[in-house]
Amino acid sequence: MGGPRIGTLPVPRGWTSRSTSLLSWTISFSLAPFNPRIGLRGMVSAADQLASSAGISALARGGTAADGAVAAAAVMAVTSPHLCGMGGDLLAMISIPGSEPQALLAVGRAGSGVDAERIRAQGHSVMPPRGDIRSVPVPGAVDGWLALHGRFGRLPLESVLGSAIELAVDGFATSVLLAVASHLVHDLPGADQLCPSGPLRRGERVRLPGVARALEALVSDGRDGFYRGEFGQELLRVGDGVFNPGDLSTSFADWVDGLRLDVWDHALWTVPPPSQGYLTLASSWIAERVGLGRDPSEPLWPHLVVESCRAAGHDRPRSLFDGADGSALLAEERLGNAAVRIRGDRAYPPEVVLPSDTSGAPAQRLGDGDTTHICAIDEQGLGISLTQSNALDFGSHLVAGSTGIFLHNRGIGFSLQPGDPAEIAPGRRPPHTLSPILVTAGEGALSHLAGAMGGDVQPQVLLQLMARVLRAREDPATAIAAPRLALGSQNAGPFRLWWGDDLAVHIELHAPPSWAEALRTRGH
């Protein structure tokens with residue numbers, strides 16, 4: 001649930017509505033092993049079948065891919081609060097027929113009352129991950145829904161959000177992962193709507209009246225219904241001076257140009273900083289440059305994947321911040337200098353950019369991040385690659401009072417080092433892990449929509465998906481089900497993978513046995 005998602009067009013070139021004389025709809029969800037799904041009129045892929053169904057229903061009623069994506073995203077916010085919600089952020093890449101892809105950054109900003117010096121004076125060297133409202137920027141996801149629907153939607157907002165409202169009012173059955181995750185938050189203040197009788201049981205009916213009210217206010221009063229309504233008032237109350245009304249007054253959704261690199265005879269597109277999406281493009285370019293082969297079972301394949309990720313990302317702590325130049329980060333000279341350090345017979349010596357003081361940084365499990373991705377496409381060729389997230393599981397473990405909406409903790413991506421360009425400051429956006437991508441081929445025809453969960457590891461997962469689909473020519477189902485590897489660090493805090501001085505390679509259990517031996521012999 002919430003794992004890698006990839007959507008593929010059935011006809012990648014010259015596709016028009018006239019090509020769909022045999023009409024069909026497809027619901028696609030990530031259950032591996034599974035066969036590839038093909039749809040001629042549209043597709044929606046989400047981690048929960050209720051979300052996929054809501055998205056397909058929007059398409060069937062005449063909606064666009066934007067309507068389908070927002071419908072699915074809203075349902076995910078109801079049924080999967082451990083992954084995402086109205087208290088999180090959203091980033092998306094949009095493929096527009098006849099135009100270059102556009103990026104949507106719905107990333108919240110730090111409140112006016114944050115003070116880095118005060119946080120340091122309280123003994124913190126990194127942002128506190130949970131239980132501290134200063135690690136909660138104003139959530140941007142709802143502004144992202146509104147921006148996406150307002151620009152590309154066709155259905156009334158009431159229709160788009162109808163499924164999510166119905167599920168919040170009438171209830172839904174608890175999934176396995178939500179039941180497990182509920183043990184983390186069942187006794188938190190404000191969690192009683194989600195967990196009225198303690199941790200949830202699989203299949204237990206859950207109703208979320210506060211979330212329903214927030215969605216209904218969004219329908220009736222637009223943005224003000226959410227950011228100036230019950231949710232906004234509760235955020236100000238919980239913030240206790242961290243936010244003021246002015247912090248909530250302006251939309252956090254920004255339309256910007258996407259970043260592009262040509263790799264494996266395709267163009268890869270992603271969102272610019274403060275997202276780390278540039279690492280997906282950079283590592284893919286480097287992997288192609290150093291000769292990543294077509295056969296992932298070859299012993300050299302995992303080594304080149306790992307080294308490409310390390311070469312692209314070793315300096316992320318000093319390179320990624322609000323306002324960083326994404327084009328400069330993808331400059332060919334820069335990437336070329338990174339590629340030349342890679343050798344086929346040995347691992348490059350550790351090269352880690354550490355802040356001057358990381359004492360007190362909490363240990364990170366590789367799977368700490370929780371995120372979800374949605375792919376949607378309609379018969380006109382509009383494609384949406386959308387990632388939304390609460391950051392860590394249930395975010396900050398703080399709740400916006402009577403709404404029952406969990407607040408993200410994306411602010412843990414900020415630095416507390418004085419003078420760092422990513423140092424927390426009022427109105428600043430944190431370095432972000434969400435990395436949605438899309439792929440075009442030929443004369444700009446949409447080829448793939450893709451995204452993943454995984455915190456810092458998202459670009460690593462996406463590199464491997466793209467290498468399998470574009471280089472090895474695997475079908476999407478095979479590529480998603482295939483084994484993966486990822487860099488991890490036990491000493492690094494959440495969203496600080498590259499701060500760790502003990503990088504190790506984690507390998508999924510169904511990987512070829514040759515992978516581990518090949519990595520060990522090369523010094524990993």
Side-chain angles (χ1 to χ4, degrees), residues 89 91 103 105-122 124-129 132 134-138 140 242 247 250 252 254 256-259 270-283 310-331 333-335 337-338 351-361 364 391 408-435 455-456 458-459 489 492-501:
D89 278 348
L91 283 81
L105 302 180
V107 177
R109 298 178 181 271
S112 296
V114 298
D115 184 328
E117 186 56 44
R118 183 178 300 173
I119 300 173
R120 287 190 289 266
Q122 294 172 350
H124 297 287
S125 59
V126 297
M127 293 296 295
D132 194 313
R134 294 170 298 186
S135 293
V136 182
V138 180
V242 169
D247 294 333
T250 304
F252 298 99
D254 295 317
V256 295
D257 293 333
L259 300 179
T270 193
V271 292
S275 164
Q276 66 169 352
Y278 76 95
L279 293 177
T280 304
L281 277 56
S283 59
R310 292 179 64 209
H314 75 90
D315 62 351
R316 190 193 117 165
R318 66 173 175 231
S319 300
L320 184 61
F321 51 89
D322 191 13
D325 185 343
S327 297
L329 293 173
L330 295 177
E333 181 180 2
R334 183 177 191 272
L335 300 186
N337 289 336
E351 181 178 356
V352 181
V353 179
L354 289 173
S356 59
D357 179 16
T358 58
S359 61
Q364 177 193 26
H408 68 161
N409 56 351
R410 188 57 61 179
I412 63 176
F414 283 122
S415 170
L416 281 180
Q417 303 306 309
D420 191 299
E423 182 182 11
I424 188 170
R428 185 170 285 174
R429 298 178 297 185
H432 226 284
T433 61
L434 302 190
S435 310
D456 289 324
Q458 287 179 40
S489 171
F495 301 151
R496 290 182 173 84
L497 169 65
W498 300 108
W499 289 25
D501 58 2

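In this chain, residues are counted from 1 in sequence order. Values below: every heavy atom of this structure, side chains too, minus hydrogens, waters and symmetry copies.
- Using a distance-only test at 3.5 Å, with no hydrogens or angles considered, no donor-acceptor pair links the side chain of Ser327 to the main chain of Asp325.
- Note that CG of Asp456 is 4.5 Å distant from CZ of Arg316, once rounded to the nearest 0.5 Å.
- Remark: the backbone N or O of Pro430 is not paired with any side-chain donor or acceptor of Arg410 at under 3.5 angstrom.
- The backbone N or O of Gly111 lies less than 3.5 Å from no partner atom in the side chain of Asp247, so there is not a single donor-acceptor pair.
- Atoms CD1 and CD1, from Ile119 and Ile424 in turn, are 4.5 Å apart once rounded to the nearest 0.5 Å.
- Within the 3.5 Å criterion, the main-chain N or O of Ser415 finds no donor-acceptor partner in the side chain of Glu423.
- Ala311 and His314 get closest at one heavy-atom pair: O-CD2, 3.4 Å.
- Under the 4.5 Å side-chain criterion, counting only non-hydrogen atoms from C-beta, Asp420 is not in contact with Phe321.
- Atom OG of residue Ser319 and atom CD of residue Gln276 lie 12.5 Å apart, to the nearest 0.5 angstrom.
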- Apply side-chain contact (heavy atoms from CB on, under 4.5 Å) to the pair Ser275 and Leu434, showing each step before the final yes or no. CA-CA 6 Å; Ser275 164; Leu434 302 190; 5.6 Å; no

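- For the pair Ser125 and Leu416, the minimum side-chain heavy-atom distance is 4.5 Å or more.
- By the 4.5 Å heavy-atom criterion applied to side chains, Glu117 and Pro418 are not counted as neighbours.
- Looking at Asp322 and Pro274, their side chains come closer than 4.5 Å, going by heavy atoms from C-beta outward.
- Between Leu91 and Val107 there is a side-chain heavy-atom pair separated by less than 4.5 Å.
- Using a distance-only test at 3.5 Å, with no hydrogens or angles considered, a donor-acceptor pair links the side chain of Arg334 to the main chain of Leu329.
- When the shell of 6.0 Å around CD of Gln122 is examined, it contains more than 12 heavy atoms from other residues, nucleotides or ligands.
- The two residues Pro272 and Val256 make their nearest non-hydrogen contact at CG-CG2, 3.6 Å.
- We find the OG-CG distance between Ser283 and Leu335 to be 9.5 Å, quoted to the nearest 0.5 Å.
- Considering only heavy atoms from C-beta on, Thr270 stays 4.5 Å or farther from Thr280 through its side chain.
- Between Tyr278 and Leu330, the closest heavy-atom pair is O-CD2, 3.5 Å.
- When all heavy atoms are compared, the tightest approach of Ala422 to Pro431 is CB-CG, 3.8 Å.
- A donor-acceptor pair is defined here as one N or O able to donate and one able to accept, closer than 3.5 Å; no such pair exists between the side chain of Gln458 and the backbone of Gly277.
- Phe252 places none of its side-chain heavy atoms less than 4.5 Å from the side chain of Pro137.
- Ion pairing of Arg429 with Asp89 is absent here, as no side-chain N (NZ or NE/NH1/NH2) approaches a carboxylate O to less than 4.0 Å.
- Residues that satisfy the side-chain hydrogen bond (donor to acceptor under 3.5 Å, both in side chains) test with Asn409, not counting sequence neighbours, are absent from this structure.
- Scanning all heavy atoms of the two residues, the minimum distance from Gly326 to Pro273 falls at CA-CD, 3.7 Å.
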